[in-house]
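Residue numbering restarts at 1 for every chain, and letters A, B, ... go by the order of the sequence lines.
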Amino acid sequence: MPSQRRRIRPLHDWDVDPAEAAAIQRALAPRVVREDRLGEIRLVAGIDVGFEAAGGVTRAAVAVLSWPGLEPVDQALARRPTTFPYVPGLLSFREIPAVLEAMAALRQWPHLVLCDGQGLAHPRRFGLACHLGLVLDLPAIGVAKSRLVGTHGPLPPRRGAWVPLTEGEEVIGAVVRTRDGVRPLYVSIGHRISLASAVDWVLRCAPRYRLPETTRQAHRLASPPRAPATGSRRRSPAPP
DNA sequence: GCGACAG
DNA sequence: ATCTTGTCGC
């Protein structure tokens with residue numbers, strides 16, 4: 001069985017200031033492929049980033065799950081000092097360097113990546129999912145928990161319902177209900193996938209909870225372990 | 001000048 | 001994102 005080709009393209013410098021970052025986004029945006037260019041999908045990955053030490057340390061996690069079983073197959077975690085501030089619209093420059101480090105530590109290379117953040121639903125049509133998809137040359141989907149830009153009409157309350165997210169006449173994404181009566185997700189093209197397919201994949205990866213299983217796994221890894229309550233006088237649980 | 005603003 | 005306990009609802 002031929003091993004999957006792994007690649008992390010050095011498209012540009014990451015050590016840049018906000019103005020240069022925005023310029024890079026405008027330069028790379030035209031390279032995003034908005035149509036389905038996926039092969040056989042047997043491994044799906046979720047990526048998520050968390051912070052510790054009051055934001056001084058960035059934790060990037062990647063969780064690879066089997067498809068269609070959605071069983072954990074591989075995972076990796078990278079920790080490194082935070083070097084870029086949080087600026088709406090420039091999230092990829094803050095989070096992707098750590099994500100790439102985690103990707104490099106993976107033993108199993110995914111065939112599709114679900115990102116925590118926007119794809120095309122971005123001021124310059126180049127959100128984190130587009131950026132990561134392009135750098136990895138992998139099909140990628142943007143799955144955000146809240147809106148960055150765009151407007152939309154009423155969304156029916158049932159799981160599976162979705163309406164287009166637009167800006168002017170342009171459709172930049174979809175607002176998707178993954179659970180009955182629960183806040184929707186903002187799905188958009190990351191790279192090498194159509195919007196319709198992106199919505200399908202998100203719904204298929206989120207059969208039970210609001211967030212895709214991939215994202216949930218990655219989130220658990222990326223979240224810093226919380227300090228135990230001070231009220232517990234027992235320093236460690238009594239072993240059985 | 002006043003909001004809005006992925007994580 | 002993170003800081004943080006309890007609480008309302010299915």
Taking it one step at a time, do A/Ile193 and A/Ile141 satisfy side-chain contact (heavy atoms from CB on, under 4.5 Å)? CA-CA 8 Å; A/Ile193 192 167; A/Ile141 301 172; 3.8 Å; yes

DNA chain C base-pair string [pairs: Watson-Crick or G-U under 3.5 Å; |: paired with another strand]: ..........

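Close to B/dG7, at under 4.0 Å from its OP1 or OP2, lies no side-chain N or O of A/Arg94. Side-chain nitrogen and oxygen atoms of A/Tyr186 include none within less than 4.0 Å of the OP1 or OP2 phosphate oxygen of B/dA6.
The aromatic rings of A/Phe93 and A/His12 sit tilted, their planes meeting at an angle between 30° and 60°.
Relative to the side chain of A/His219, the nucleotides C/dA1, B/dG7, B/dA6 differ in distance, and C/dA1 lies closest. The side chain of A/Lys145 lies closest to C/dA1, out of C/dA1, B/dA6, B/dA4.
Each of A/Leu106, A/Leu114, A/Leu112 was checked for a side chain to side chain contact (heavy atoms under 4.5 Å, CB included) with A/Pro110, and the lone residue meeting it is A/Leu106.
In this structure, A/Trp201 has its ring center at least 6.0 angstrom away from the ring center of A/His111.
Contacts of A/Gly142 with the nucleic acid, taken as non-hydrogen atoms under 4.0 Å apart, are absent.
In this structure, CG on A/Leu128 lies 5.0 Å from CG on A/Leu91, to the nearest 0.5 angstrom.
The aromatic ring of A/Tyr86 stacks onto the base of B/dG7, its centre lying under 5.5 Å from the centre of the six-membered base ring with the two planes under 30° apart.
Note on residues 174-183 of chain A: pairs passing side-chain hydrogen bond (donor to acceptor under 3.5 Å, both in side chains), not counting sequence neighbours, are A/Arg158-A/Asp180.
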